[in-house]
Amino acid sequence: MTQNETLAVRITDLNKYYGTFHALHDVNLSVKKGEKIVICGPSGSGKSTLIRCINRLEEHQQGSINVLGTELNDDLGNVDEIRREVGMVFQHFNLFPHLTVLENCVLAPMLVRKIGRDEAETIALEYLTKVKIPDQAQKFPGELSGGQQQRVAIARALCMKPEVMLFDEPTSALDPEMISEVLDVMTTLAREGMTMICVTHEMGFARQVADRVIFMAEGQVIEEADPETFFNNPQNERTRGFLSQILNH
Amino acid sequence: MSSLTQKMETIRNDYFSTRGNAVISSVCIALLLWIGWTLVDWGLLNAKFSADEGIDGCRAVSGACWAVIDARARLIFFGLYPYEEHWRSALACLAIILVTVLSCIPCFWTTRRLAFLWLAGFATFYVLMRGGVLGMTEVLETEWGGLALTLFIFSAVCIVGMPMAIVFALLRRSQYTVIATTMALVIDGIRSLPLLSIMFTAALVLTFVLPDWLQGDKLYRVIFGYSLFFACYQAEIIRGGMQSLPAGQEEAAKALGLNYFQRISRIVLPQAFRNALPPTINQFVVTFKETSLVTIVGFFDVLASGNAAFSSGEWLTTYVEVYFFVALIYFSFVFSLSRYGAYLETRLRVGQH
Amino acid sequence: MAFLRNRKFLDFLLQFAFLGTVIGLIVSAVVIGRENMAAQGLTGGFAFLEQATGWGISFSLVDYSIQDTYSHALKVGILNTLFLGVITLTLATIIGLTAASARLSSNKLLAKMGVSFVEIFRNIPLVLQALFWYAIMSNLPKAKQAISPFEGVFLSNRGAYFPGLNVTGGSAAIAIALFILAVSLAIWIAVARRTSRMQPSRRRMMWVGTVVAGALVSIAVLAAGRIPGTELLSIPYLKGLNFREGIRLTPELMAAIVAISLYGAAFIAEIFRAGLLSIRKGMGEAGAALGLRPYQVFFRIRLPLAIRAVLPTLTNQYVWLMKATTIGIAIGFNDFFMVVAVSINQSGQTLSLILILILGFWALNLSLSAVFNWINRRIALKGTQNR
């Protein structure tokens with residue numbers, strides 16, 4: 001078993017530029033299968049850019065990204081394979097408004113994994129039950145609350161049975177009373193062994209669920225540690241400054 | 001009694017609220033009465049409706065000569081189509097009208113159903129008009145005319161132009177600068193030309209630059225030219241619809257692993273069309289109106305047949321009545337379509353709060 | 001076959017295929033066109049422009065005879081299009097603005113009349129309207145029974161006759177050019193960046209002064225250009241079967257002006273109505289609260305804001321109206337398109353003339369859009385905090 005096969009995601013010396021702006025600076029990250037990573041940092045620190053590079057929503061210029069043994073490069077076959085095995089949940093849900101909740105969930109399995117409609121619907125209802133909204137299957141996204149929409153988005157990603165789940169600030173666009181319902185789903189998912197990389201400001205969730213917490217600023221990884229050490233004994237000055245800002249309201 | 005006083009009150013507020021308003025209203029009422037009376041007097045009371053006595057019957061009255069319509073209606077609707085086969089032309093027109101009406105019903109609004117509806121309607125039209133099968137005598141395109149020809153050109157342009165428009169729009173927003181810039185030049189270039197010059201070029205000039213095996217009938221060349229023009233305008237409308245789509249939609253589709261065609265056909269285009277529905281309906285309305293230009297390029301559409309109706313034989317002085325009738329035909333189609341577009345716009349706006 | 005899935009390779013392939021197709025189409029069109037022309041014994045190129053046309057043009061702003069060259073005929077066509085365009089654009093804007101105000105007035109009757117006007121003229125094809133008006137103009141009474149609404153103005157089936165000026169063509173051209181120059185200078189003064197730092201009242205004095213000065217100079221030039229031996233003012237009078245003297249607007253031109261102006265006005269009315277509706281009620285209320293009369297609120301507050309809101313849409317409509325002048329060919333008015341069409345018919349130089357047609361309209365549209373886009377940028381509301 002080579003190193004690559006036990007690693008879910010391996011990012012080496014990653015550099016990304018937007019024109020002349022250096023968005024990601026020599027980022028190194030290794031995520032083992034089943035690990036839960038939380039990435040936090042001030043806005044503009046490149047945390048969203050980093051995870052969007054993993055499924056090629058953004059393109060990196062230097063360095064390498066290896067997902068589940070497949071290298072992310074110009075080979076379109078590789079990109080497709082990675083996108084099949086990596087699921088993503090967005091800050092603004094991005095549900096397809098012209099399709100019902102059920103259709104949102106069965107679309108990709110049917111088109112990409114070539115599963116028949118009946119089987120896809122069974123899988124979809126299974127995951128909708130898991131996120132606790134099976135009764136909303138025939139509704140349209142616009143008829144659901146923010147929290148319900150985000151849970152559908154999680155179910156939609158899970159219907160593809162991915163190996164890795166990426167979360168890009170999943171609760172930042174939610175009203176406060178709906179944040180916990182989404183975090184509950186994510187916690188359950190974590191307990192079942194899913195490999196997760198989450199960009200979030202929810203430090204309670206990080207403390208509870210994460211195996212490692214990473215702090216990024218200005219495109220670089222500043223500090224990386226287990227939650228205990230990270231929150232109680234941060235090593236870096238900037239980490240301390242950031243934590244004092246967000247933990248104090 | 002109170003509802004009457006309420007009505008009087010409303011009339012006073014609406015039309016006579018201030019002295020200025022009262023003056024304006026009085027002038028308008030006087031004007032409208034005069035116009036109305038002249039029209040009724042000319043168009044109805046003193047008009048001649050039947051063509052039994054020919055033009056002499058009209059000379060005997062001081063009003064409108066609707067007899068020309070009685071005598072020439074078939075010419076206007078069907079052009080030079082053989083007299084015994086007019087029923088085919090009429091059925092064909094009804095087929096297209098039915099298709100247009102059905103397209104307005106939301107339950108038909110999926111790509112498959114709409115495509116099937118229009119292709120079926122168009123095929124029905126073509127089979128009925130052309131004949132040669134099912135025991136119907138063959139009537140070539142050169143003999144098609146009147147309203148039937150107008151409807152044929154309109155539906156052909158829409159059927160050919162819409163797929164072209166989608167392709168143009170997708171090329172225009174391509175990530176490759178070369179493709180996007182070239183398409184931008186082509187689309188803006190064609191849009192800045194007058195439609196008449198494009199039809200003229202298609203009718204007369206295209207024969208020059210096409211190889212022999214591609215020479216088609218003048219009718220199909222003009223339809224192609226018009227479709228190109230339609231496609232360029234509709235491409236910009238579709239592109240507007242795509243631009244108003246949040247970027248996250250395509251990102252989510254990418255993240256789920258859908259490929260380019262799946263993304264475009266299932267996620268981007270359905271939503272883009274929904275966003276661009278009112279301008280699209282307007283584009284259809286304008287397309288129908290502008291088919292009248294084929295008159296100038298030498299086709300016997302409903303306007304040309306109207307011209308023929310009064311400029312031959314005894315009916316030379318009845319141009320007002322004939323133009324009124326042809327205008328009425330256009331007005332009914334165009335007005336109903338644009339009213340529908342306005343209704344759709346309000347309904348969509350309400351739905352989006 | 002792994003390279004087929006390589007992104008960079010596919011990128012290159014797609015762009016190459018696309019460009020190849022486009023260039024291939026153009027090249028094949030040119031090649032086939034050349035062959036066909038040679039088969040007909042015609043040489044391509046633009047040499048024919050210096051040949052005499054041998055056919056007449058019924059309406060021309062400058063002198064034209066059948067011995068003039070094709071290039072002169074094309075110039076006449078372009079001038080006619082510009083002439084028709086400027087007149088119809090102005091008329092359509094004025095009528096459209098009136099109809100829009102009518103539609104938005106508190107008098108319901110006026111509003112309904114406005115709606116009727118818009119719906120009637122918008123929903124009937126332009127070419128039909130043009131043919132209708134042409135039929136009307138051609139069926140006006142003969143010269144002997146011409147209608148005369150005012151002293152010196154006559155309407156007959158040979159056209160409309162107005163009093164004119166007996167001046168040389170050159171001086172008329174100079175006078176008009178000077179006046180247009182003065183108006184353009186005035187517009188520039190009113191909106192340019194360089195003059196934006198002036199006192200508004202001083203700026204207004206400057207551009208109003210420029211227009212007035214331009215008018216005076218033009219009139220002086222016209223007076224100086226009087227053809228010796230004739231009166232300055234030329235009043236049309238009936239002699240025999242026809243009118244002499246005066247300016248003649250042909251029935252074709254009149255029909256074109258009426259049809260395009262009314263059709264354009266219907267659309268412009270809707271554009272202005274949308275613009276006026278998009279202005280918050282609070283603007284008008286603030287004006288009224290300050291004591292401004294309704295017409296002052298309209299002309300000083302609501303209309304300027306409406307114009308800024310609709311200028312892009314209005315520009316599109318103007319470009320469209322310029323293109324609409326091509327229906328002149330349906331009624332026999334020699335606009336640019338008709339001159340090109342007749343030239344193609346007579347000289348056979350299809351490709352060259354089509355190229356001239358395309359370039360002509362592109363130039364026309366680009367300049368019109370450029371001018372209006374510049375005005376749009378200059379008068380746009382400044383700042384990002386507009387509410």
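- When each of C:Leu131, C:Ile136, C:Leu126 is checked for heavy-atom pairs under 4.5 Å with chain B, C:Leu131 comes out on top.
- Taking B:Arg173 as the reference, B:Glu250 meet the salt bridge (charged side-chain N to carboxylate O under 4.0 Å, His left out) condition, with sequence neighbours excluded.
- A 6.0 Å sphere centred on CZ of B:Phe325 holds more than 12 heavy atoms belonging to other residues, nucleotides or ligands.
- C:Val127 has its side chain within reach of B:Ile296: a pair of non-hydrogen atoms, C-beta onward, lies under 4.5 Å apart.
- At a 4.5 Å heavy-atom cutoff, the contact between C:Leu14 and chain B is made by backbone and side-chain atoms alike.
- One distance of note links CD1 of C:Ile120 with CZ of B:Phe335; it measures 10.0 Å at 0.5 Å rounding.
- B:Phe331 and C:Asn123 make their closest contact through CD1-CB, 3.5 Å (heavy atoms, listed as atom of the first residue, atom of the second, distance).
- Under a 3.5 Å cut-off, the side chain of C:Trp362 and the backbone N or O of B:Gly189 do form a donor-acceptor pair.
- Checking side-chain atoms of B:Lys289 against main-chain N and O of C:Arg122 turns up a donor-acceptor pair under 3.5 Å.
- Of the residues considered (C:Ile329, C:Ile358, C:Leu357, C:Asn139), C:Asn139 shows the highest number of contacts with chain B, using heavy-atom pairs under 4.5 Å.
- Side-chain contact between B:Ile24 and C:Leu109 is absent, with no heavy atoms from C-beta onward closer than 4.5 Å.
- For B:Leu210 against C:Ile32, the heavy-atom pair with the smallest separation is O-CG2, 3.7 Å.
- The contact between C:Phe18 and chain B is made entirely by side chain atoms (from C-beta outward), counting heavy-atom distances below 4.5 Å.
- Among B:Ile179, B:Thr177, B:Val334, the residue with the largest count of heavy-atom pairs under 4.5 Å with chain C is B:Ile179.
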Subject >> Audit row: C:Asn107, B:Ser25, side-chain contact (heavy atoms from CB on, under 4.5 Å) steps and yes/no >> reply: CA-CA 7 Å; C:Asn107 187 316; B:Ser25 297; 2.8 Å; yes

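- Side chains of C:Met113 and B:Leu32 form a contact here, defined as non-hydrogen atoms less than 4.5 Å apart.
- The contact between B:Tyr319 and chain C is made entirely by side chain atoms (from C-beta outward), counting heavy-atom distances below 4.5 Å.
- Proximity to chain C among residues 193-201 of chain B is limited to B:Leu193, B:Pro194, B:Leu196, B:Ser197, B:Phe200, B:Thr201, judged by heavy-atom separations below 4.5 angstrom.
- Using a 4.5 Å cut-off on side-chain heavy atoms (C-beta onward), C:Leu110 and B:Cys28 make contact.
- In this structure, the portion of B:Ser338 lying under 4.5 Å from any heavy atom of chain C is its side chain and not its backbone.
- Considering CG of B:Leu204 and OG1 of C:Thr350, their distance stands at 8.5 Å, rounded to 0.5 Å.
- When heavy atoms are compared at a cutoff of 4.5 Å, C:Ile124 approaches chain B by way of both its backbone and its side chain.
- Taking CD of C:Gln129 as the start and OG of B:Ser292 as the end, the distance is 10.0 Å to the nearest 0.5 Å.
- Residue B:Thr291: no heavy atom, backbone or side chain, is found under 4.5 Å from chain C.
- Neither the backbone nor the side chain of B:Leu337 comes within contact range of chain C; no heavy atom of the residue lies under 4.5 Å from a heavy atom of that chain.
- Neither the backbone nor the side chain of C:Leu366 comes within contact range of chain B; no heavy atom of the residue lies under 4.5 Å from a heavy atom of that chain.
- Scanning for side chain to side chain contact (heavy atoms under 4.5 Å, CB included) contacts around B:Leu185 gives an empty result, with sequence neighbours left out.
- Interface remark: C:Ala341 contributes backbone and side-chain atoms alike to the contact with chain B (heavy atom separation under 4.5 Å).
- Heavy atoms closer than 4.5 Å to chain B are found in both the backbone and the side chain of C:Leu128.
- Atoms CG and OH, on C:Asp11 and B:Tyr176 in that order, are 3.5 Å from each other to the nearest 0.5 Å.
- Near-neighbour residues of residues 320-328 of chain C relative to chain B, defined by a heavy atom under 4.5 Å from a heavy atom of that chain, comprise C:Trp320, C:Lys323, C:Thr326, C:Ile327.
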